[in-house]
Amino acid sequence: MKFLLSVKHPSLLVTFALVLLAGCSRGAESRPQAKQTSAPPPFGVTYCDIETAHLCLEGFGVDVEERLLTLLKAEDPLYADIYINADGPDGEILLECQQSESFPENVYCLGEPFPEGELIKLNIYSKSSNKFIAIGVFNVHYGDMPESDVIFQADATPTPSPVPTSTQPSYPNPSYPNPTSTP
Amino acid sequence: MVIWQALLDGLSVLSEKWTVVLGAVSVACLACSVSFFLSRKTTEEKAIFRRSGLLAGFFFVLSVILRLTFLTEAFVPPYFDSVEHYRIIKEIATALETSTLLETVPALTPNYYHLGFHVLASFLAFGLHANPIDVILVLGQVILAAIPIPIYFLIRQETRSDAAAFFSMLLAGFGWYMPGFAVNWGKYPALAGLLSLEIVLSIAYFIARKKSISNQLALIGFLLLGIIVSTLFHTRALVIIAISIASWLIAEKMQNIFKTLFRWVILSAGVQARVSRTEGNLRPSREILAEKGDSSLPPVAQNDIQDSFQTPSKVFQYLLLGILLAGILVFGKIIQTETLLNLTLEPYLGDGLWVTLTVLTLSPFALIKFPHSVYFSVLFILSVFIALFIPVGALSPGLENQTLLDRPFVEMVLYLPLSILGGLGLAGLLQILKSISTLPEKAHLYTRVLITTLLLGFTGVLSIESYDFYPSDCCNFVGYDDTVALDWLSKNIPPGAHILIAATQMNVLPTGPSGSFVGTDAGIWIPALTGRSISLAAFDTDFRSTSTLEQLCQLQINYVYVGGTDQKFNAAQLNEKAEWYEGILFLPNAQLYRLTGCSQ
């Protein structure tokens with residue numbers, strides 16, 4: 001203590017304190033967070049382009065088993081552990097959600113496919129408390145995906161190949177581009 | 001408005017990753033404290049020193065918050081280099097945990113030579129129990145925020161002006177989009193090298209300027225240690241240190257050389273005799289003045305004699321300065337005309353033109369008051385330009401196409417002499433204004449405050465208002481869809497799968513593209529995040545071609561990954577050949593195809 005008080009350079013003390021703080025936080029971070037929530041009313045979920053608070057929708061996708069992927073982003077980790085009951089034209093379906101291992105705030109939910117343009121109502125529940133936490137209604141759009149009967153057609157008859165042509169210019173194409181180098 | 005949003009985003013990242021931020025800030029503070037203490041050692045008034053420290057500290061904290069904004073839109077560090085940084089850091093951190101560091105490091109990467117940043121980041125990741133991805137991202141931004149700090153203390157020491165030092169710091173931090181933009185290239189070791197070399201230059205400056213410092217030996221020891229550390233961070237930092245020291249020494253000699261040269265010219269041309277006759281047998285030399293003593297001549301006569309000596313000497317100096325500037329113009333023109341080098345000057349002549357012009361406008365004032373530092377800056381700029389063209393192939397078999405400095409590094413480092421020039425220019429202008437004796441004292445003060453405020457405001461608004469604190473689209477390979485696709489891929493395709501990813505040839509040297517391919521979309525992260533192996537192919541590969549199919553079959557490719565960048569595989573072609581490539585995952589900005597055409 002006497003040593004610390006006798007230190008002439010306050011910045012050394014600040015650095016020392018910062019290192020200590022950072023070190024101490026290791027233990028603090030590993031402790032489970034026991035947050036109590038008092039069942040607030042379900043909030044509205046919208047597209048991430050519009051609003052990112054708590055939980056938002058990034059879009060939809062499809063996988064090889066023709067499952068619908070509902071892509072969500074949880075700004076708050078409290079809303080990352082979820083499942084969805086979706087209301088569609090054929091009734092209610094369950095969408096199982098999983099967090100990306102490397103990026104746990106990114107959540108995707110798998111379930112029965114929805115036709116392009118169909119209205120889907122997402123009722124989002126917390127897995128741990130089984131509480132209804134959020135709601136959102138969206139049109140299912142798969143972006144610029146080609147016709148599904150084309151994309152998943154594995155056994156079509158091969159057709160003759162055209163002559164290979166380069167579709168994009170590759171030179172000059174500097175590595176380490178400047179901000180103005182890209183459109 | 002932009003800056004407020006950036007501050008809010010930065011604060012949100014700070015609250016989320018405060019542990020890693022504190023760790024990185026501690027490291028940066030420790031590094032910058034070298035400049036801080038050196039400055040304290042030589043600052044007479046402690047109150048002024050404390051004020052300077054607070055000013056630099058405030059700027060650093062604000063910069064850290066602004067720089068952290070980058071993390072709001074970056075899932076992983078940008079560009080292809082970062083994957084290698086991540087791999088090395090992760091392996092060193094694991095080795096630290098398992099106490100196998102000595103066995104791991106030599107096997108890590110036989111050809112990779114700058115491990116300094118990786119070791120530093122590994123220790124942070126290990127010490128804080130943090131994800132290496134977070135550590136790279138945060139440490140990179142904190143280093144970026146720390147880069148202007150040693151410049152502040154350096155200019156403060158040279159000019160004794162807080163305003164000039166602050167102006168230099170502002171220029172180094174936000175004057176141009178470099179060196180900040182380099183994080184988009186994953187140039188973390190180079191940025192750490194820049195910070196480190198600035199500290200080395202600070203130590204060298206204090207050794208050169210303050211010859212009476214008692215602990216000179218300790219400083220020289222620090223200097224050598226700093227040079228080694230800088231080289232470990234980035235080998236090219238050593239080139240910059242060498243250029244800086246050479247430029248400083250040459251700049252110092254320049255004045256003396258020309259005084260001697262002019263004396264020689266006078267003597268040989270018999271000018272001395274004429275001067276003696278016209279000035280009443282007075283030889284125009286300081287030595288004669290010293291011999292005779294001040295009282296032997298009236299003050300006016302002394303000034304005349306000194307002027308008659310110094311003016312032509314200065315003419316010679318300015319002549320050489322003109323030659324150096326002409327050299328810069330010539331090399332600048334060559335750089336501008338080289339296809340792959342013309343981006344070098346863009347940060348300073350494109351968006352940052354007004355800031356560069358401001359610096360150039362102030363440079364004459366710097367030349368009047370701080371000629372040594374101006375010669376240094378000019379020599380430095382010319383030398384780094386020339387270094388772009390000096391081949392180093394003879395040094396090592398692996399460096400055939402390499403030059404002493406490459407385009408990205410030169411582009412990154414030019415902020416250094418320009419920031420110095422800007423700060424010295426402002427200090428020079430303020431000193432000249434102060435010396436004008438016709439104005440009353442208050443008018444002096446108001447004029448100086450007005451000019452400082454205008455310059456700081458003008459530069460601050462110009463640079464920070466248009467500054468992009470978020471990741472650039474050019475290089476941010478991993479988007480939201482990629483994170484989901486990579487996770488889906490790791491859970492749904494076999495561990496032994498071999499995936500084709502989009503790439504392009506490394507293309508940064510005027511000698512043309514190198515043979516090595518580098519990834520151009522999130523596929524480059526597949527091995528690091530999913531453990532699956534990858535092969536690289538040109539992003540403009542034609543998937544409709546049978547020869548492409550044959551090559552992929554030969555390479556035993558099982559899957560093709562299409563990311564969300566501009567340089568990705570053409571998904572339309574893969575869809576067109578659905579009989580060869582079966583779409584197995586389709587997200588708006590990421591797709592995965594299974595190669596089925598080989599069995600047909």
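In what follows, chains are A, B, ... by sequence order, proteins preceding strands, each numbered from 1.
You'll find the side chain of Pro588(B) reaches within 4.5 Å of the side chain of Leu71(A), heavy atoms only. In this structure, Trp185(B) and Pro177(A) have side chains that are in contact, with non-hydrogen atoms separated by less than 4.5 Å.
At least one cation-pi condition fails for Lys73(A) and Tyr480(B): the charged atom is not both under 6.0 angstrom from the six-membered ring centre and inside a 45 degree cone around its axis.
Sparse packing is recorded around NZ of Lys121(A), with 12 or fewer heavy atoms of other residues, nucleotides or ligands lying under 6.0 Å away. Other residues, nucleotides and ligands place more than 12 heavy atoms under 6.0 Å from the OH atom of Tyr470(B). Counting heavy-atom neighbours within 6.0 Å of Glu112(A) CD, excluding the residue itself, gives a total of 12 or less.
Considering every non-hydrogen atom in both Arg407(B) and Ser175(A), the closest pair reads NH2-O, 2.7 Å. In terms of heavy atoms, Lys491(B) sits closest to Gln99(A) at NZ-O, 3.5 Å. Considering every non-hydrogen atom in both Val64(A) and Arg594(B), the closest pair reads CG2-NH2, 3.9 Å.
Chosen from Leu529(B), Val484(B), Asp481(B), the residue pairing most often with chain A at heavy-atom distances under 4.5 Å is Val484(B).
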**Report entry** Verdict with supporting geometry, Phe103(A) and Asp487(B), side chain to side chain contact (heavy atoms under 4.5 Å, CB included)
**Finding:** CA-CA 9 Å; Phe103(A) 311 96; Asp487(B) 196 70; over 6 Å; no
**Report entry** Worked verdict on Glu65(A) versus Asn492(B) for side-chain hydrogen bond (donor to acceptor under 3.5 Å, both in side chains)
**Finding:** CA-CA 11 Å; Glu65(A) 291 167 31; Asn492(B) 291 281; over 6 Å; no
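Tyr108(A) contributes atom OH, which lies 9.0 Å from atom CH2 of Trp488(B) (distance to the nearest 0.5 angstrom). Separating the CD atom in Glu75(A) from the OG1 atom in Thr72(B) is a distance of 9.0 Å, to the nearest 0.5 Å. Atom CG of Asp63(A) and atom CG of Leu587(B) lie 9.0 Å apart (nearest 0.5 Å).
At a 4.5 Å heavy-atom cutoff, the contact between Tyr177(B) and chain A is made by side-chain atoms alone. For Phe75(B), the parts lying under 4.5 angstrom from a heavy atom of chain A are both the backbone and the side chain.
Checked by atom type and distance alone, the side chain of Asn106(A) never pairs as donor or acceptor with a backbone atom of Thr483(B) at under 3.5 Å.
Tyr176(A) and Phe80(B) have their aromatic ring centers within a separation under 6.0 angstrom.
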